[in-house]
Trainee: 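I have a structure I would like to understand better, so I am pasting it below and will then ask my questions one at a time.
No hydrogens, no waters, no symmetry mates; every other heavy atom, side chains included, goes into these values. These numbers were taken from a predicted model, which means no experiment stands behind them.
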Amino acid sequence: MMKTCVIFTSTAEHLLENFKRKAKNLEFIVPEKNKDGERFFPDGEVYMRLKRVKKLKGKRTIVLHSGAPSPNDSLIELKLILQILKDHGIKSELFLTYFSYGQQDKAFEHGETNVAESLVKKFINYYGVKKIYIIDPHFGKMKWVKKYPIISVSAIQILLDKARQD
């Protein structure tokens with residue numbers, strides 16, 4: 001059985017302890033910080049390093065990411081991780097708890113673009129992402145979604161059950 005590695009972006013890192021308690025068969029990777037112990041340079045640029053990237057060869061690799069609360073910075077972080085994986089010939093999967101720019105899912109007026117589809121295309125065609133799992137994507141029912149390996153994961157029942165319990 002192929003080992004599965006999960007890379008946690010900084011916006012999903014808060015989920016790590018839960019995963020460690022509940023998923024014993026996974027390997028977890030958190031990107032390294034820079035020499036100052038930070039994920040950002042003083043000018044605000046994102047720093048990214050996956051020191052264990054060579055150990056991902058031959059393993060199923062999933063990048064766990066949330067676009068919230070800082071969609072722009074987190075999107076750059078995600079792109080840097082995907083570029084590192086691409087540079088090392090590793091085709092990953094994405095699991096997105098929140099899809100940045102997901103509400104911009106079609107060009108509503110002249111001069112706009114479908115940002116959501118553009119990002120999906122780039123993830124798949126440029127970075128070589130094999131599959132994208134998204135929790136309740138805003139664009140889930142759009143026709144263009146069927147062209148891509150997107151799996152919509154619903155959290156609605158889980159949230160309803162928890163609300164009833166509380």
Trainee: If hydrophobic clusters are built from ILVMFWY residues whose side chains come within less than 4.5 Å, do V63 and F19 share one?
Mentor: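 Shared cluster, no.
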Trainee: Could you pull out the closest heavy-atom pair between H65 and S74, with the gap in Å?
Mentor: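 H65 and S74 have their closest heavy atoms at CE1-O, 3.2 Å.
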Trainee: Can you spot which of I134, L94, I150 makes a side chain to side chain contact (heavy atoms under 4.5 Å, CB included) with F99?
Mentor: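 By the side chain to side chain contact (heavy atoms under 4.5 Å, CB included) criterion, F99 pairs with just one of I134, L94, I150: I134.
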Trainee: Would you check if L119 and Y101 make a side-chain contact, meaning some heavy-atom pair closer than 4.5 Å?
Mentor: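 The answer is yes; the side chains approach within 4.5 Å.
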Trainee: Do the side chains of F8 and I81 join up, straight or via other hydrophobic residues, at under 4.5 Å, putting them in one cluster?
Mentor: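 Shared cluster, no.
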Trainee: Before giving the answer on side-chain contact (heavy atoms from CB on, under 4.5 Å), spell out for F28 and L16 the whole-Å C-alpha distance, their side-chain angles and the decisive distance to 0.1 Å.
Mentor: CA-CA 8 Å; F28 306 108; L16 182 59; 3.7 Å; yes
Trainee: Over all heavy atoms of both residues, which pair between I84 and M48 is shortest? Give the atoms and the distance, please.
Mentor: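 Scanning both residues completely, I find the closest heavy atoms to be CD1-CG, 3.6 Å.
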Trainee: Mind jotting down which residue pairs meet the side-chain hydrogen bond (donor to acceptor under 3.5 Å, both in side chains) criterion with at least one end in residues 135-156? Sequence neighbours excluded, please.
Mentor: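 Listed by first then second residue: D105-H138, E117-K147, E117-Y148, D136-S154.
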Trainee: Do you reckon L85 sits in the same ILVMFWY cluster as Y133, going by side-chain contacts under 4.5 Å, direct or chained?
Mentor: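 No: no chain of side-chain contacts under 4.5 Å links L85 to Y133.
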Trainee: Hey, what do you get for CD (E77) to CG (N72), rounding to the nearest 0.5 Å?
Mentor: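 It is 13.0 Å, given to the nearest 0.5 Å.
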Trainee: Passes side-chain contact (heavy atoms from CB on, under 4.5 Å), T61 versus V6? Steps please.
Mentor: CA-CA 6 Å; T61 302; V6 180; over 6 Å; no
Trainee: Using a strict cut-off of less than 4.0 Å between a Lys/Arg side-chain nitrogen and an Asp/Glu carboxylate oxygen, indicate whether R39 and E13 qualify as a salt bridge.
Mentor: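 Salt bridge between R39 and E13, a charged N being under 4.0 Å from a carboxylate O: yes.
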Trainee: Looking just at side-chain N and O atoms, do S66 and T97 make a donor-acceptor pair shorter than 3.5 Å?
Mentor: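 Yes, a side-chain donor-acceptor pair sits under 3.5 Å.
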Trainee: State, yes or no, whether a side-chain contact exists between F40 and D73 at a heavy-atom distance under 4.5 Å.
Mentor: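 Answer yes - side chains close enough.
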Trainee: Tell me which pairs pass side-chain hydrogen bond (donor to acceptor under 3.5 Å, both in side chains) where either residue lies in residues 42-55, with sequence neighbours left out.
Mentor: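 Passing the test, one end in residues 42-55: E27-R52.
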Trainee: Taking side chain as C-beta onward, heavy atoms only, is P149 less than 4.5 Å from I132?
Mentor: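 No. Closest side-chain heavy atoms not under 4.5 Å.
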Trainee: With side-chain contact (heavy atoms from CB on, under 4.5 Å) as the test, would you mind laying out the steps for R60 and K3 before giving the verdict?
Mentor: CA-CA 6 Å; R60 180 180 182 205; K3 183 82 171 176; over 6 Å; no
Trainee: Does a side-chain heavy-atom distance below 4.5 Å link P31 with T9?
Mentor: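 No, their side chains stay 4.5 Å or more apart.
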Trainee: Mind checking the CG-NZ spacing from L15 to K22? Nearest 0.5 Å is all I need.
Mentor: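 So the CG of L15 and the NZ of K22 are separated by 10.5 Å.
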Trainee: Just so I know, are the side chains of L96 and I135 near enough to count as touching, which here means a heavy-atom distance under 4.5 Å?
Mentor: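 The answer is no, as the side chains (C-beta and beyond) never meet within the 4.5 Å cut-off.
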Trainee: Got a sec, which residues hit side chain to side chain contact (heavy atoms under 4.5 Å, CB included) with K91, two or more places apart in sequence or on another chain?
Mentor: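 Listed in chain order: K130.
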Trainee: Looking at CD of Q104 and CG of N114, how far apart are the two atoms once the value is rounded to the nearest 0.5 Å?
Mentor: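 So the gap between those two atoms works out to 9.0 Å.
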Trainee: State, yes or no, whether a side-chain contact exists between Y126 and K86 at a heavy-atom distance under 4.5 Å.
Mentor: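 Result yes, sub-4.5 Å side-chain heavy-atom pair found.
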Trainee: Examine F41 and I76 and state if one hydrophobic cluster contains both, with Ile, Leu, Val, Met, Phe, Trp and Tyr joined whenever side-chain heavy atoms are less than 4.5 Å apart.
Mentor: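 No; I76 is not reachable from F41 via cluster members.
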Trainee: Within this structure, what is the NZ-SG distance for the pair K57 and C5, rounded to the nearest 0.5 Å?
Mentor: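 Taking NZ in K57 and SG in C5, the distance rounds to 13.0 Å.
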Trainee: Against I7, only a single residue in L78, I62, L64, L56 fulfils side chain to side chain contact (heavy atoms under 4.5 Å, CB included); can you say which?
Mentor: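 When side chain to side chain contact (heavy atoms under 4.5 Å, CB included) is applied between I7 and each of L78, I62, L64, L56, only L56 qualifies.
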Trainee: Could you pull out the closest heavy-atom pair between P69 and P71, with the gap in Å?
Mentor: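 Closest pair (atom of P69, atom of P71, distance): O-CD, 3.3 Å.
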Trainee: With side chains defined as the heavy atoms from C-beta onward, is the minimum distance between L80 and V46 less than 4.5 Å?
Mentor: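 Side-chain contact under 4.5 Å: yes.
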Trainee: Under 3.5 Å, side chain of K106 to main-chain N/O of T113, donor-acceptor pair present?
Mentor: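 No: the side chain of K106 does not pair with the backbone of T113.
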Trainee: Under the 3.5 angstrom rule, does the side chain of N34 hit a backbone N or O of D36 as a donor-acceptor pair?
Mentor: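 Yes; judged by distance alone, with no hydrogens or angles, the pair exists.
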Trainee: Is a side-chain N or O of E93 found less than 3.5 angstrom from the main chain of V129, in a donor-acceptor match?
Mentor: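 Absent.
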Trainee: Using the rule that two of Ile, Leu, Val, Met, Phe, Trp, Tyr join whenever any of their side-chain heavy atoms come within less than 4.5 Å, decide whether M142 and V115 are in one cluster.
Mentor: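 As far as the 4.5 Å side-chain criterion goes, V115 and M142 are connected within one cluster.
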Trainee: Examine K122 relative to Y127 and say whether NZ or CZ is less than 6.0 Å from the centre of the six-membered ring and inside a 45° cone about the ring axis.
Mentor: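 Judged by the rule (NZ or CZ under 6.0 Å from the ring centre, within 45° of its axis), K122 is not positioned above Y127.
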Trainee: Set out, in order, the CA-CA distance, both residues' side-chain angles and the distance that settles side-chain contact (heavy atoms from CB on, under 4.5 Å) for I151 and K131, then state yes or no.
Mentor: CA-CA 8 Å; I151 297 171; K131 199 177 291 183; 3.3 Å; yes
